[in-house]
Amino acid sequence: MKALAQIKPPHALKIWRIDDKDSAHLRMDTHTLAQAAVCLRAGGLVAFPTETVYGLGADARNAEAIARLFVAKGRPSDNPLIVHVSSVAEAECIVSQIQDVEQRLMALFWPGALTIVMPVRAGAVCPAVIAHGTRVAVRVPAHPVALELLRVAGIPIAAPSANRSGRPSPTCVQHVREDLNDRIDGIVDAGEAWMGIESTVVEVDGDQTVHVLRTGGITAEMLIAAGFTVAHTASPRHPVADMSTAPRAPGTKYKHYAPKGKLCVVEGAPRTVHRYIQKRVDDDATAGLRTAVLTFADQENIAAYRADMVIFLGPRGEVAPAAQRLYGALRACDSADIACIYAEATERTGMGAAYMDRLLRAASYDCVCI
Ligand code: TXA
Ligand code: MG
């Protein structure tokens with residue numbers, strides 16, 4: 001009997017499906033979300049959709065749950081987590097002070113893909129969430145399912161992206177399951193995340209300058225257009241970063257989003273890029289290597305690429321569809337055992353800055369400008 005009692009039951013991952021197509025249905029599904037909320041309140045690890053990527057949620061006040069979360073992700077303990085809340089009022093409960101500029105950022109961009117790092121209120125979250133520091137990153141997500149889950153749970157939820165550390169962030173439930181299936185308690189499934197790239201992380205200094213620690217869906221141009229003074233400190237290796245400044249979002253110092261194959265980004269005039277990539281692909285194929293191309297070329301040009309895999313990112317000049325597809329494309333290359341991946345570059349303005357940041361990280365900054 002004793003031996004039997006020690007045997008753990010097989011892990012049963014719960015999937016709560018929500019159809020977020022219409023808000024009436026979402027209201028009905030509050031009952032389903034309540035089950036996910038109960039799991040979170042009991043210290044469970046629950047993945048859920050946000051408008052950026054899927055997050056892996058845990059009660060930010062529960063040290064045991066947060067410790068499990070770090071283990072499940074294989075995340076270094078010096079990399080703090082974003083705390084998700086459903087309103088500005090709830091954010092006020094976990095930070096000790098809000099400056100005018102931060103107040104304006106919240107009013108303009110919340111709910112939304114903007115994370116603001118502010119001084120933590122003593123005891124509001126467990127120390128591991130903020131990597132034993134003094135500041136906490138806070139965000140109110142815009143996805144209706146995420147907002148409703150946070151509202152029903154009524155607790156601050158720490159939620160990093162729901163991937164194993166070093167893997168691309170998940171944009172759908174299948175990605176979450178690939179990485180975390182037997183390591184978490186449940187997943188709220190509401191289809192694809194909309195943006196596909198993580199939130200912008202900012203911090204406001206004493207001079208009221210908004211420092212962009214990680215680029216994302218809320219672009220520098222949007223912040224500047226709204227009247228803020230903006231400085232880039234995203235990463236010492238990012239092309240737009242101030243090289244003299246150390247990264248302040250610790251996560252940006254780690255190698256990220258790396259596919260198994262070697263990724264090379266190619267920048268230049270479309271025809272030249274096409275010729276260059278096809279030549280590299282042909283050489284790789286001759287050497288017996290499996291190849292993939294991530295391209296903005298239209299249908300006609302896709303046919304012109306000869307590779308084991310050709311992934312259409314979206315119309316040239318449109319970054320949003322490409323951003324939504326990027327991580328899925330990198331995962332597809334892994335599943336197909338692709339050894340060499342070539343990706344066409346985009347403009348680095350607007351959302352293109354975040355897109356190129358993630359793409360270049362995935363490529364370990366291997367970028368050919370022709
Ligand atoms: O869109 C997103 O932000 C997604 C969804 C789930 O909300 N979350 C996400 O979390 O991307 P994560 O853990 O993968 O990335 C959080 C980033 C990391 O670079 C981390 O270092 C930074 O935010 N960060 C978190 N807390 C911080 C703090 N107190 N100070 C500075 N940077 C912080
Ligand atoms: Mg992440």
Side-chain angles (χ1 to χ4, degrees), residues 45-58 60 66 69-70 72-86 94-95 109-121 124-125 127-143 145-147 149-150 156-171 175-176 179-180 187-188 193-205 211-218 233-235 238 246-258 323-324 327 354 357-358 361-362:
L45 302 185
V46 175
F48 62 96
T50 79
E51 76 279 31
T52 58
V53 297
Y54 270 71
L56 177 59
I66 296 301
L69 187 152
F70 273 91
K73 269 188 66 89
R75 185 178 179 104
S77 59
D78 66 350
N79 192 3
L81 309 174
I82 297 173
V83 177
H84 295 63
V85 290
S86 70
I94 59 172
V95 303
F109 297 108
W110 280 1
L114 185 76
T115 296
I116 310 174
V117 177
M118 292 172 284
V120 71
R121 184 183 289 270
V125 298
V129 166
I130 49 173
H132 300 269
T134 56
R135 300 175 73 78
V136 63
V138 190
R139 158 165 129 84
V140 177
H143 197 296
V145 171
L147 269 180
L149 177 65
L150 292 166
I157 300 290
S161 49
N163 52 285
R164 295 268 296 165
S165 277
R167 295 268 292 150
S169 293
T171 53
H175 299 165
V176 178
D179 283 14
L180 298 168
I187 306 176
V188 177
W194 306 334
M195 299 173 95
I197 279 185
E198 307 84 348
S199 65
T200 305
V201 181
V202 299
E203 188 168 34
V204 180
D205 68 16
H211 292 262
V212 179
L213 312 188
R214 180 178 73 178
T215 50
I218 304 298
T233 51
S235 154
H238 188 281
R248 287 200 283 168
T252 56
K253 81 183 177 200
Y254 292 105
K255 188 178 177 201
H256 258 187
Y257 323 119
Q324 208 283 328
Y327 293 149
D357 171 59
R358 305 318 193 266
R361 283 170 191 282

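Indexing begins at 1, ligand by ligand and atom by atom, following the structure's order. The structure displayed is predicted, hence computed values, not measured ones.
- When P160, P80, P141 are checked for heavy-atom proximity to atom 10 (O) of ligand 1, P160 turns out nearest.
- Separating the CG atom in L213 from the OG1 atom in T200 is a distance of 10.5 Å, to the nearest 0.5 Å.
- Here S161 reaches the Mg ion (ligand 2): one of its N/O/S atoms is less than 2.8 Å from the metal.
- Taking every non-hydrogen atom of S161 and a distance limit under 4.0 Å, the qualifying atoms of ligand 1 come out as 8 (N), 9 (C), 10 (O), 12 (P), 14 (O).
- The option from P119, S199, G133, A137 that lies nearest to atom 2 (C) of ligand 1, judged by heavy atoms, is S199.
- Checked against a 3.5 angstrom limit, the closest N/O atoms of R139 and ligand 1 fall inside it.
- The OG atom of S161 sits 3.5 Å away from the NZ atom of K73 when rounded to the nearest 0.5 Å.
- In this structure, a donor-acceptor pair under 3.5 Å is absent between the side chains of R358 and S169.
- At a 4.0 Å heavy-atom cut-off, ligand 1 touches L81 through the backbone alone.
- Between R139 and E198 there is no salt bridge, since no side-chain N of the basic residue sits under 4.0 Å from a carboxylate O of the acidic one.
- Residues satisfying the ring-ring contact (aromatic ring centres under 6.0 Å, His included) criterion with Y327, sequence neighbours excluded, are Y257.
- Residue P160 is tested with I82, V53, L69 for a side-chain contact (heavy atoms from CB on, under 4.5 Å); the sole match is L69.
- Heavy-atom contacts of G55 reach the following atoms of ligand 1: 6 (C) (cutoff under 4.0 Å).
- The aromatic rings of F48 and H84 sit perpendicular, their planes meeting at an angle over 60°, well past the 30° parallel limit.
- Within ligand 1, the atoms closer than 4.0 Å to a non-hydrogen atom of N79 are 18 (C), 20 (C), 21 (O), numbered from 1 in the order shown.
- Side-chain contact annotation: T115 with S199, donor-acceptor N/O pair under 3.5 Å present.
- Inclusion of K73 in the set of residues having an N or O under 3.5 Å from an N or O of ligand 1 is not warranted.
- The proximity of A159 to ligand 1, defined as any non-hydrogen pair under 4.0 Å, is limited to the backbone.
- For atom 15 (O) of ligand 1, the nearest non-hydrogen atom from the set H84, R214, E198, R135 belongs to R214.
- Scanning R75, E51, M118 for the heavy atom closest to atom 13 (O) of ligand 1 points to R75.
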